[in-house]
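Below, chains carry the letters A, B, ... as their sequence lines are ordered, and counting in each starts from 1. Keep in mind it's a predicted model, so treat the numbers as computed, not measured.
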Amino acid sequence: MGKIDWKKPEDRERLWHSSSHVMAAAVKQLYPGTKLAIGPAIEEGFYYDFDVEKPFKPEDLEKIEKRVEEIIKSNERFEKSEVSKKEAMELFKGEPYKIELINELPGSKASIYTTGSFVDLCKGPHIESTLQIGAVKLLRVSGAYWRGSEKNKMLQRIYGISFPDKKQLKQWVHLREEAEKRNHLKLGKELDLFSMHAEAPGCVFIHAKGMVIWNALVGFWREEHRKAGYVEIKTPAILKKTLWEQSGHWDHYKENMYFTQIDGEDFAVKPMNCPGGILVYKTKRHSYKELPLRIAELGEVHRHELSGVLNGLFRVRKFTQDDAHIYCTEEQIEQEIGKVIELVDRFYKAFGFPYQVELSTRPLKAMGSRQVWDRAEDALKKALSKKKMQFKINEGDGAFYGPKIDFHIRDSLGRTWQCATIQLDFSMPEKFGLEYIGSDDKPKRPVMLHRVIYGSMERFLGILIEHYAGAFPLWLSPVQAAVIAISDKHNAYAEKVCREMDQAGIRAELDARNETVSYKVRDWQKQKANYILVVGDREKKQGTVNVRQRNGKVVGAVKVKKLAEKLLKEIESKK
RNA sequence: GCUCUCGUAGCUCAAUGGCAGAGCACGGGUUUUGUAAACCCGGGGUUGAGGGUUCAAAUCCCUCCGAGAGCUCCA
């Protein structure tokens, strides 16, 4: 019997796909009326979709898992055979989903796999025997639409994962528990960074400590944008319906917008910042000499997302975009894209995020001429190539008004997030009749570039919490130094140290509580303060603090001034 | 929006039809502390909301609200 090579993706796929068959077999044995849909291997594990009368309960999963284990032990072989479509139809009589699939098969044959008494329509490949599945765990059950369309019936999907041996399962479970410890909702509560309330579903309440991180992010953002030649504006949240009709949001985005009436007139809460920004652009005549105009806005937008898609800080209804709109000539597109790419790279390097780039091109229903699109796509490609960027092309995935570049960062849990995006827009300038005066004294239409880097401040904060597991680098950390007085005799000195650190520009917090040193050290360690400074008689006499690093290492006595200098350097380095 | 699961003190959780509890946190006191939890005492609840079944409901049923995991969606 061949060995499963865990490192080979194709072997994992064989194992998982086979496991899904075994699970389907178990379900069929336990619930004979069940209709089978499909059961593929996925990135991590497998699932099988079932059409059942009653949805599975968690207890059912245990039962199914037990039966799966029994089937595995019985050493069933995976046997492939080819039958005619007609035979297949006969074989899968009473399985409407399989019949639908058979009907769509090209040619006259169908490939089937038999495992014991279980038969499935399947191309394979599979493992040889169920004995090769060393350990299985069924993870969860959820609804899933047949063929992924909400118009179809909702089936019951069971997710699972399997391994060649039990030890690997144990490791995997352990890893998952570790990952769960960095869950941003949990850490957000423990570290007092933010909260969410039933009174405002999908909205975030950012606490004082969370705001420290937020402001550090904004500070970095402002500094980098200033250096990159941006100016910053602020536009209102509530704007008249007529503006949204003009921008096209009324037609295309109404479902996701919040509305209100004031003095008998309709208003909408902005879901995007561009129309407001455009009004600012239009307050005066612009010359070609001013272009490119880079106008940034930390814009708070509201989008009425479906209740089921809300997800902690990752998907919210009210969020802050680190938006910017660049108005430029067509000739300037390439250069401007290049500059945005550089900016994005600088940001992600600062946080240690690896990222991938995707380019989305002209969709079927596109606005503007093919030539303009070709030039625009060309400009995007050239800008990427010039930066020696590897990128994936998503044909036809662009917005209707222009092609776009997306940046996907990978977080510590291995999930990818689309954060930064650069979108070319020929549509808005048209709709709003934007102009600049060219060197020939004739009015011209500028191209508009929409871009974000963090994407959403709220989501980026969530990603950072998990990325760093709550242990923020010094420049972002809410409490950079906690000063612990050994007894209340030392409170005055501790307070002095705290003040000195504070005046040097370090976020220091005094802990003069009537508790033991151990208690306070433990507390600050849990709060992930970067440095814990213990002061008692010795330190008071020498004008020092006793430094303990976040990793638990006690460095020893350091003069207050020296420590402040060292920390400032560390903050400066953003490490 | 759809499917499943969940909602008990500020937090983490217990109580499975029969007196709503524990630890932490919080308040008061003792203690004056040297690097991951000192000790004693105390306050704290319309069990998410509303309705129903029952002699009796945190527990069973229905509706609503909220959350989590998925599905669908994602300018």
Side-chain angles (χ1 to χ4, degrees), chain A residues 42 47 49-50 52 54-61 139-159 180 183 185-186 189-190 192 195-202 247-249 251-257 271-274 301 303-312 314-315 321 398-402 404 406 418 421 423 425 427-428 450 452 455-456 482 484-491 512-527 531-539 545-550 552-557:
Chain A
I42 51 177
Y47 67 77
D49 285 346
F50 304 100
V52 267
K54 268 198 303 190
F56 294 116
K57 301 246 171 210
E59 308 88 86
D60 298 331
L61 280 198
L139 300 171
R140 57 178 171 265
V141 56
S142 81
Y145 300 108
W146 166 240
R147 308 209 127 170
S149 167
E150 59 185 326
K151 292 192 184 93
N152 292 337
K153 183 163 186 186
M154 180 161 270
L155 309 172
Q156 292 295 310
R157 175 173 296 179
I158 302 180
Y159 286 91
E180 186 46 35
N183 178 294
L185 293 170
K186 194 167 131 67
K189 204 178 277 177
E190 286 169 8
D192 195 14
S195 56
M196 300 185 85
H197 303 268
E199 287 81 354
S247 70
H249 287 89
D251 287 336
H252 294 111
Y253 211 68
K254 210 169 21 183
E255 304 306 307
N256 285 310
M257 289 167 69
M272 295 182 201
N273 303 301
C274 15
V301 296
R303 299 181 185 179
H304 186 255
E305 304 286 359
L306 292 178
S307 59
V309 308
L310 300 180
N311 180 277
F314 294 146
R315 190 84 179 265
Q321 291 183 301
F400 69 95
Y401 51 76
K404 59 175 183 172
D406 295 325
Q418 187 212 302
T421 140
Q423 301 184 352
D425 182 1
S427 163
M428 288 280 176
H450 309 245
V452 286
S456 141
I484 295 178
I486 284 180
S487 79
D488 53 16
K489 280 191 308 227
H490 314 106
N491 283 354
R513 287 179 296 178
N514 179 11
E515 297 287 353
T516 60
V517 173
S518 292
Y519 179 93
K520 290 192 268 194
V521 164
R522 177 173 189 268
D523 208 25
W524 287 109
Q525 190 93 27
K526 280 202 318 191
Q527 284 295 305
Y531 293 93
I532 295 171
L533 315 178
V534 178
V535 299
D537 287 334
R538 289 201 296 271
E539 289 74 22
V545 291
N546 201 281
V547 179
R548 179 190 166 108
Q549 293 172 348
R550 187 163 55 191
K553 194 180 162 203
V554 177
V555 180

According to the Watson-Crick and G-U wobble definition with distances under 3.5 Å, which dot-bracket string, read 5' to 3', encodes RNA chain B, using [ ] for crossing pairs and | for pairs with another strand?
-> (((((((..((((....[..)))).(((((.......))))).....(((((..]....))))))))))))....
[X] [atom1] to [N] [atom2]: how many Å, rounded?
{"X": "A:D49", "N": "B:rC4", "atom1": "CG", "atom2": "P", "result": "15 Å"}
{"X": "A:R548", "N": "B:rG34", "atom1": "CZ", "atom2": "P", "result": "14 Å"}
{"X": "A:I486", "N": "B:rU31", "atom1": "CD1", "atom2": "C1'", "result": "16 Å"}
{"X": "A:K151", "N": "B:rU3", "atom1": "NZ", "atom2": "C1'", "result": "19 Å"}
{"X": "A:D537", "N": "B:rU32", "atom1": "CG", "atom2": "C1'", "result": "11 Å"}
{"X": "A:N183", "N": "B:rA69", "atom1": "CG", "atom2": "C1'", "result": "12 Å"}
{"X": "A:M154", "N": "B:rU72", "atom1": "CE", "atom2": "C1'", "result": "7 Å"}
{"X": "A:I42", "N": "B:rC71", "atom1": "CD1", "atom2": "C1'", "result": "12 Å"}

If you only use heavy atoms from C-beta on, which nucleotide in [options] is closest to the side chain of [X]?
{"X": "A:R140", "options": "B:rG66, B:rC71, B:rG70", "value": "B:rG70"}
{"X": "A:V534", "options": "B:rC4, B:rA67, B:rG34", "value": "B:rG34"}
{"X": "A:S518", "options": "B:rU3, B:rU72, B:rA37", "value": "B:rA37"}

Taking side chain as C-beta onward, heavy atoms only, is A:V554 less than 4.5 Å from A:N546?
->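 Contact flag for A:V554/A:N546 side chains = yes.
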Min side-chain heavy-atom separation A:Y531-A:V545 under 4.5 Å =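 No. Closest side-chain heavy atoms not under 4.5 Å.
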Looking only at atom [atom1], what distance separates [N] and [M], rounded to whole Å?
{"N": "B:rA37", "M": "B:rG51", "atom1": "P", "value": "49 Å"}
{"N": "B:rU16", "M": "B:rA58", "atom1": "P", "value": "13 Å"}
{"N": "B:rG48", "M": "B:rA14", "atom1": "P", "value": "14 Å"}
{"N": "B:rG50", "M": "B:rU8", "atom1": "P", "value": "16 Å"}
{"N": "B:rU59", "M": "B:rA15", "atom1": "P", "value": "14 Å"}
{"N": "B:rA57", "M": "B:rC73", "atom1": "P", "value": "46 Å"}
{"N": "B:rG28", "M": "B:rG43", "atom1": "C1'", "value": "10 Å"}
{"N": "B:rU32", "M": "B:rG21", "atom1": "C1'", "value": "35 Å"}

Could you report the tightest heavy-atom contact between [X] and [Y], atom names first, then the distance?
{"X": "A:M257", "Y": "A:P271", "answer": "CG-CG, 3.6 Å"}
{"X": "A:S247", "Y": "A:M428", "answer": "O-CE, 3.7 Å"}
{"X": "A:E305", "Y": "A:R315", "answer": "OE1-NH2, 3.1 Å"}

side-chain contact (heavy atoms from CB on, under 4.5 Å), paired with A:I532, selected from A:R548, A:Q549, A:R550 =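 Only one of A:R548, A:Q549, A:R550 forms a side-chain contact (heavy atoms from CB on, under 4.5 Å) with A:I532, namely A:R548.
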Kindly compute the distance separating CH2 (A:W146) from CE (A:M154), expressed to the nearest 0.5 Å.
->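 Separation between the atoms: 14.5 Å.
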Atom pair CD/NZ of A:Q525 and A:K520 - distance to nearest 0.5 Å |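 Going from the CD atom of A:Q525 to the NZ atom of A:K520 covers 15.5 Å.
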Is [X] close enough to [N] that one of its side-chain N or O atoms is under 4.0 Å from OP1 or OP2 there?
{"X": "A:Y519", "N": "B:rA25", "answer": "yes"}
{"X": "A:S142", "N": "B:rC4", "answer": "no"}
{"X": "A:N311", "N": "B:rA69", "answer": "yes"}
{"X": "A:K57", "N": "B:rU5", "answer": "yes"}

Are A:L533 and A:V547 close enough, and set up right, to give a side chain to side chain contact (heavy atoms under 4.5 Å, CB included), and what steps lead you there?
-> CA-CA 5 Å; A:L533 315 178; A:V547 179; 4.0 Å; yes
Measure distances between side-chain N and O atoms of [X] and base N and O atoms of [N], and say whether any donor-acceptor pair falls under 3.5 Å.
{"X": "A:R315", "N": "B:rC74", "result": "yes"}
{"X": "A:R522", "N": "B:rA37", "result": "yes"}
{"X": "A:N514", "N": "B:rU31", "result": "yes"}
{"X": "A:Y145", "N": "B:rG70", "result": "no"}
{"X": "A:E255", "N": "B:rG1", "result": "no"}

Does A:G148 or A:M196 map to a spot on RNA chain B nearer the 5' end, using the closest nucleotide for each?
->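 That would be A:M196.
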Using the closest heavy atom to pick a nucleotide of RNA chain B for each, name whichever of A:G536 or A:H197 lands nearer the 5' end.
->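 Whichever sits nearer the 5' end wins; that is A:G536.
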Check every strand shown and say whether [X] touches a base, only sugar-phosphate, or nothing at a heavy-atom separation below 4.0 Å.
{"X": "A:L185", "value": "sugar-phosphate"}
{"X": "A:E190", "value": "nothing"}
{"X": "A:G248", "value": "nothing"}
{"X": "A:T516", "value": "base"}
{"X": "A:G312", "value": "sugar-phosphate"}
{"X": "A:V517", "value": "sugar-phosphate"}
{"X": "A:G308", "value": "base"}
{"X": "A:E539", "value": "base"}

Intermediate values then yes/no, side chain to side chain contact (heavy atoms under 4.5 Å, CB included), A:N311 and A:V309 = CA-CA 6 Å; A:N311 180 277; A:V309 308; over 6 Å; no
Passes side chain to side chain contact (heavy atoms under 4.5 Å, CB included), A:E539 versus A:V534? Steps please.
-> CA-CA 8 Å; A:E539 289 74 22; A:V534 178; 5.8 Å; no
Quick one: do A:Y519 and A:R513 satisfy side chain to side chain contact (heavy atoms under 4.5 Å, CB included)? Show the steps, please.
-> CA-CA 10 Å; A:Y519 179 93; A:R513 287 179 296 178; 4.2 Å; yes
N/O to N/O distances under 3.5 Å, protein versus nucleotides 8-13 of chain B:
{"from": "B:rU12", "atom 1": "OP1", "to": "A:K189", "atom 2": "NZ", "distance (Å)": "3.1"}

For A:R147, side chain to side chain donor-acceptor pair (under 3.5 Å) partners two or more places apart |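 Here the qualifying residues are A:E100, A:E104.
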